[in-house]
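See structure below.
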There are 2 protein chains.
Amino acid sequence: MSYLDQTAVAANDMQRRNAASAKHLAAIASFAEFGAKSLKFSPHDVVYYEGDEARRLYHLERGTIMLFKLLPDGRRQVVEVLRPGDIFGLASSSEHDCTAETLTDAQVQEIDLRQVETSPEFQRRLTRCLTSQMNALHDHAVLLGRKSAHERVASFLMYLVPNRGGVGCVGPDPERVDDSSDIKLHMTRQEIADYLGLTIETVSRVVSDLKRKGVIRADKSDQIHLHKVCSLCQMTGFH
Amino acid sequence: MSYLDQTAVAANDMQRRNAASAKHLAAIASFAEFGAKSLKFSPHDVVYYEGDEARRLYHLERGTIMLFKLLPDGRRQVVEVLRPGDIFGLASSSEHDCTAETLTDAQVQEIDLRQVETSPEFQRRLTRCLTSQMNALHDHAVLLGRKSAHERVASFLMYLVPNRGGVGCVGPDPERVDDSSDIKLHMTRQEIADYLGLTIETVSRVVSDLKRKGVIRADKSDQIHLHKVCSLCQMTGFH
DNA sequence: CGGAGAGTTGACAGCTTTCAACATCAGTGG
DNA sequence: CCACTGATGTTGAAAGCTGTCAACTCTCCG
């Protein structure tokens, strides 16, 4: 395979999402076995702060949570956006390296790591979960390091369309006549900007531009209708 | 803890490196138990390509390896730089999401994942390793998303100084009179640029600028003497 | 109705990229 | 031993993208 031959590239991002629901149900059961405590959060609640002592492991059952880091001068980078089924809170030092904050109402299962360490079955599940999160972090590094503002926003929007976007995009569903989709962002412009490594102004400008081009329509500022998913997908840099 | 309060921030990046040597030795033993096959590579050998079928797990025993992804138009992002003790090759789909290429001579242990899945002890080690790699990916996301070219290069150089750099930098060793350090990059300007999300020209310009300011001296293009580690550390954005 | 927060838009500045020329280095072969 | 050659690295000038700053609009709620 040559440096530029991309024909055989993995469809990891997609498959990650297809596997999510099955993984999700299994993981809930698994956590329950270990006497997990279930916690409920409102939007913009903090589960833990960067620097807090790391003792427990968390499993996102319902809702969306972001992990972010801050620089001393206030610059913020959202490093992960978690979905149901994802696990978070593991730390390699004694302290959390990120702040975990909810984006929506969220339900989280909390469990002591020492309890689950004894279960090989749970460990395998954990490994799979971490691996898929690492793949998402790899994609995100490409976005942050090599994509233009337009490509970042397009990638972000595609990320919210089930079974689409990413390197192994399946294309429009042949069963369906149109190729549109409605998505809910659950994030403010500031959060999107901090996730994409941009400013709010740039995010706003790119979204306006996509509207002007007729690719999307904003029903509310965080409720977007994609007229043609495929044409948006063409703007992600993956094609 | 307020949005901007950084006093209690974790020293994860540092502790990751301090733990590396102990983890390293233990992991070698662990892999040997499972009948790992030891492989040797020359610089710029490819261990596997993005898109190759993922069957095995790799443990870097000696040397340096980078993982990178490509966009169809040839843009490249180096997503991880691995050191001895790191584990790689896990895939959430059936295919590798990155290409793994050596930067130096390298020795790698190769093992079938199914063999190690049965060992809780190994699984715990794997979890710790993945966690510390995820923390490194988080730091890298901050670098790519929020740091200037100068900060990126300074962070990169500090990353190669043992026990320094990162949020929890311990400062200069009080036992030592000077605060200098010699580092070997093991990477071309192109590889550094692709790691830092910059162009080779920008990397070259920043390095020249650091020379002009008297912060560093380049003995060879990939062999750098840091005159005052602390003053370089001040430029990373972490202070 | 009024105020605060979130989002949008415009003008301009600045940083990084792009493009091009040149320098340096290492390896090869005469 | 030295000239040649290709790869790698450096530097300059100009362009372009994104950030900054500021003004304005929109939406939500009291």
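Keep in mind it's a predicted model, so treat the numbers as computed, not measured. Sequence lines set the chain letters: A, B, ... in the order given, protein chains first and strands last, and positions in each chain run from 1.
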Atom-to-atom span, CZ of R75(B) to C1' of dT18(C) - whole angstrom: 14 Å
Spacing between Q223(A) atom CD and dC28(D) atom P, to the nearest angstrom: 12 Å
Comparing A218(B) and K147(A) on DNA chain D - which has the more 5′ nearest nucleotide: A218(B)
Euclidean distance, atom CG of residue D209(A) to atom P of dT18(D) [Å, nearest integer]: 11 Å
Touch class at under 4.0 angstrom, heavy-atom based, for T202(B) against every strand present: base
Any side-chain heavy-atom pair of H140(A) and Q77(B) under 4.5 Å: no
Pair E80(B), H138(A): side-chain N/O donor-acceptor within cut-off below 3.5 Å: yes
Closest non-hydrogen atom pair, H186(A) against T64(A): CD2-OG1, 4.4 Å
Evaluation steps, side chain to side chain contact (heavy atoms under 4.5 Å, CB included), between L226(A) and I224(A): CA-CA 6 Å; L226(A) 314 181; I224(A) 306 240; 3.8 Å; yes
Where do N or O atoms of nucleotides 21-24 of chain D meet protein N or O atoms at under 3.5 Å, pair by pair?
unit_1  : atom_1 : unit_2  : atom_2 : d
dC21(D) : N4     : E201(A) : OE2    : 3.1

Spacing between R189(A) atom CZ and dA6(C) atom P, to the nearest angstrom: 13 Å
DNA chain C: 5'-proximal contact among R146(A) and S204(A) (nearest heavy atom): S204(A)
Integer-rounded Å distance: dT8(D) C1' and D194(B) CG: 14 Å
Min side-chain heavy-atom separation P43(A)-D105(A) under 4.5 Å: yes
Atom pair distance, as rounded to whole Å: CG in D222(B) and C1' in dA7(D): 14 Å
Under 3.5 Å between N/O atoms: give me all the protein pairs with nucleotides 22-26 of chain C, atom names plus distance.
none

Under 4.0 angstrom between T199(B) side-chain N/O and dT17(C) OP1 or OP2: yes
Where G89(A) and H96(A) come nearest, the two heavy atoms and their spacing: O-CE1, 3.1 Å
Ring geometry between Y195(B) and Y159(B) (parallel below 30°, tilted from 30 to 60°, perpendicular above 60°): tilted
Atom-pair distance (CZ on R212(B); C1' on dG12(D)), nearest Å: 12 Å
d(NZ, K211(A); C1', dT8(C)) in whole Å: 8 Å
Touch class at under 4.0 angstrom, heavy-atom based, for L198(B) against every strand present: sugar-phosphate
Closest non-hydrogen atom pair, S42(A) against T102(A): O-OG1, 2.6 Å
Partner of S38(A) by side-chain hydrogen bond (donor to acceptor under 3.5 Å, both in side chains), out of Q107(A), Q109(A), R62(A): Q107(A)
Side-chain N,O (S208(A)) to OP1/OP2 (dT9(C)) below 4.0 Å: yes
